[in-house]
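Notes follow the structure.
Read the numbers this way: they start at 1 and go in the same order the structure lists the ligands and their atoms.
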Amino acid sequence: MALIVQKYGGTSVGSVDRIEVVADRVCSAARQGNQVVVVVSAMSGETNRLIALAKAIAPQPSPRELDVLMSTGEQVTIALLAIALEKRGCAARSYTGGQVQILTDNVYTKARIRDIDDERVRSDLGEGRIVVVAGFQGVDEAGNITTLGRGGSDTTAVALAAALKADECQIYTDVDGVYTADPRLVPQARRLDRITFEEMLEMASLGSKVLQIRSVEFAGKYHVPLRVLSSFQEGAGTLIVSEEKKPVEDPIISGIAHNHDEAQITVLGVPDQPGVAYRILGPVADANIEVDMIVQNVGPDGTTTDFTFTVHRNDYEQALEIVRQNGSSLGAREVSGNKRIAKISLVGVGMRSHAGIASTMFRALADERINIRMISTSEIKISVVVEEKYMELGVRALHDAFRLDQVPS
Ligand code: ASP
Ligand code: MG
């Protein structure tokens with residue numbers, strides 16, 4: 001008998017009909033002899049609807065009250081699912097985060113889970129019941145309702161799986177797994193059978209929004225086997241595992257991620273002296289703006305240098321203003337910016353033990369006459385910044401170059 005935690009997202013419980021479909025799946029998992037805990041999100045669109053209601057009253061509603069409000073979305077779906085399960089003769093009980101208890105810190109709207117009291121869940125499971133838990137919410141020490149940040153139901157599921165030492169945490173969503181690239185850009189993209197936590201984190205942080213990043217971190221830290229699969233079609237989905245569990249014969253590159261969330265800022269002709277990077281980026285950091293890629297050139301004459309970095313597009317105007325203000329005191333010749341950039345990244349743990357990946361990547365881009373503006377690397381990733389208009393072409397060219405459409409033999 002296995003203990004499985006299943007999580008269904010907002011689209012999977014988006015209507016009464018869909019909740020009935022979920023109930024069929026959950027009942028069948030239980031009837032196969034598994035102990036099943038189900039975590040659900042609010043019906044799709046519901047959380048946004050609730051936030052809009054609050055904002056219609058006050059533009060900046062109190063975070064505490066927002067959490068009281070937002071948590072109601074999940075309370076609706078747990079009850080409806082439990083009703084649907086009971087109708088099928090599958091004994092079930094629903095619980096809010098506060099009832100379980102999922103104890104969090106008191107940072108409203110982005111609380112972190114501190115502890116889970118699994119006693120109630122275990123005793124229900126022991127009595128043969130399916131346990132349905134509201135995702136995305138918890139309670140702080142003082143009993144205040146908290147929420148875990150948008151998409152937080154994934155984190156609830158993983159945390160419950162860790163606390164219960166579940167055999168698997170299954171995240172049911174509207175995609176049937178993790179792909180070698182975004183299928184909307186690359187029709188030949190292939191669903192991966194397996195990916196490592198580290199790779200998944202890179203893919204997620206680079207814009208493949210299949211799972212909430214924090215849930216992947218959590219699963220990796222506690223070694224919770226995590227499976228992403230579709231609630232609308234059959235299939236094994238993608239299993240996210242620790243690196244030791246990944247067969248060595250798996251391909252070197254797992255996937256290609258892309259995003260166009262960043263913008264570039266360039267400072268031309270600053271004195272090539274100690275402290276320059278600090279003087280440019282210090283004030284940016286002081287404004288709580290995160291910097292991603294950084295490139296500094298060796299100046300041609302050894303007296304001046306050029307400095308380029310990227311920030312999130314939402315922070316671009318502010319960062320540019322800060323650097324412009326500092327530019328003159330730095331003695332910079334010019335400060336310029338560019339919002340029309342995109343980042344393309346090759347991700348794969350196999351890179352640790354293989355040379356030549358970067359040159360294959362650069363050649364593939366060169367063959368398409370795509371100019372690389374910045375490069376950064378880590379042990380399992382190579383990222384390049386290119387002009388935004390070449391993003392799709394670049395992703396496709398790399399998908400071809402590394403033959404990611406071919407099923408590994
Ligand atoms: N309902 C919440 C949201 O929309 C949590 C979740 O769906 O995971 O962000
Ligand atoms: Mg969601």
Side-chain angles (χ1 to χ4, degrees), residues 5-16 18-19 21-22 26 37-55 61 63-82 94-100 102 104-105 107-113 116 131-140 144-163 169-175 178 200-201 204-205 207-219 224 226-232 237 240:
V5 175
Q6 299 191 330
K7 181 260 171 177
Y8 293 89
T11 30
S12 310
V13 294
S15 67
V16 164
R18 287 191 170 171
I19 290 174
V21 174
V22 167
V26 174
V37 176
V38 193
V39 174
V40 286
S41 294
M43 296 169 104
S44 56
E46 179 63 7
T47 310
N48 288 340
R49 187 185 73 88
L50 294 168
I51 295 171
L53 288 178
K55 291 201 165 163
R64 182 188 184 281
E65 301 314 325
L66 258 184
D67 279 357
V68 173
L69 178 69
M70 287 194 291
S71 66
T72 63
E74 274 75 8
Q75 191 167 338
V76 170
T77 46
I78 53 170
L80 292 176
L81 180 57
S94 70
Y95 294 108
T96 64
Q99 287 175 308
V100 165
I102 296 176
T104 71
D105 61 21
V107 185
Y108 297 119
T109 75
K110 41 179 180 288
R112 291 196 171 240
I113 297 176
I116 293 183
V131 181
V132 186
V133 180
F136 174 59
Q137 56 180 264
V139 68
D140 73 4
N144 296 298
I145 295 173
T146 56
T147 67
L148 309 178
R150 298 307 304 273
S153 300
D154 292 345
T155 300
T156 305
V158 172
L160 266 169
C169 181
Q170 305 176 337
I171 309 279
Y172 286 86
T173 173
D174 45 7
V175 296
V178 181
M200 186 62 213
L201 279 176
S205 65
S208 309
K209 296 181 193 71
V210 183
L211 289 171
Q212 196 198 30
I213 289 181
R214 214 202 294 169
S215 72
V216 182
E217 285 169 358
F218 214 105
V224 178
L226 195 60
R227 192 183 290 278
V228 177
L229 58 187
S230 163
S231 50
F232 304 110
I240 311 171

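At least one N or O atom of G151, backbone or side chain, sits closer than 3.5 Å to an N or O atom of ligand 1. For K7, no nitrogen or oxygen atom sits less than 3.5 Å from a nitrogen or oxygen atom of ligand 1, counting backbone and side chain alike.
Residue contacts with ligand 1: G152 is included, with a non-hydrogen atom under 4.0 Å away. Using a 4.0 Å cutoff on heavy atoms, E74 counts as a contact of ligand 1.
Under 4.0 Å is where a charged nitrogen must lie from a carboxylate oxygen, and between R49 and E46 at least one such pair does.
For Q170, the side-chain hydrogen bond (donor to acceptor under 3.5 Å, both in side chains) partners two or more places apart in sequence, or in a different chain, are Q6, E168, Y172. With sequence neighbours left out, T156 forms a side-chain hydrogen bond (donor to acceptor under 3.5 Å, both in side chains) with no residue at all.
Neither the backbone nor the side chain of Q212 has any atom closer than 4.0 Å to an atom of ligand 1 (non-hydrogen atoms only).
Between the side chains of Q212 and T155, a donor-acceptor pair is found at a separation under 3.5 Å. Judged purely by distance below 3.5 Å, without hydrogens or angles, the side chains of D67 and T146 never pair a donor atom with an acceptor atom.
For ligand 1, the atoms sitting less than 4.0 Å from at least one non-hydrogen atom of R150 are 3 (C), 4 (O), 9 (O), numbered in the order shown with element in parentheses.
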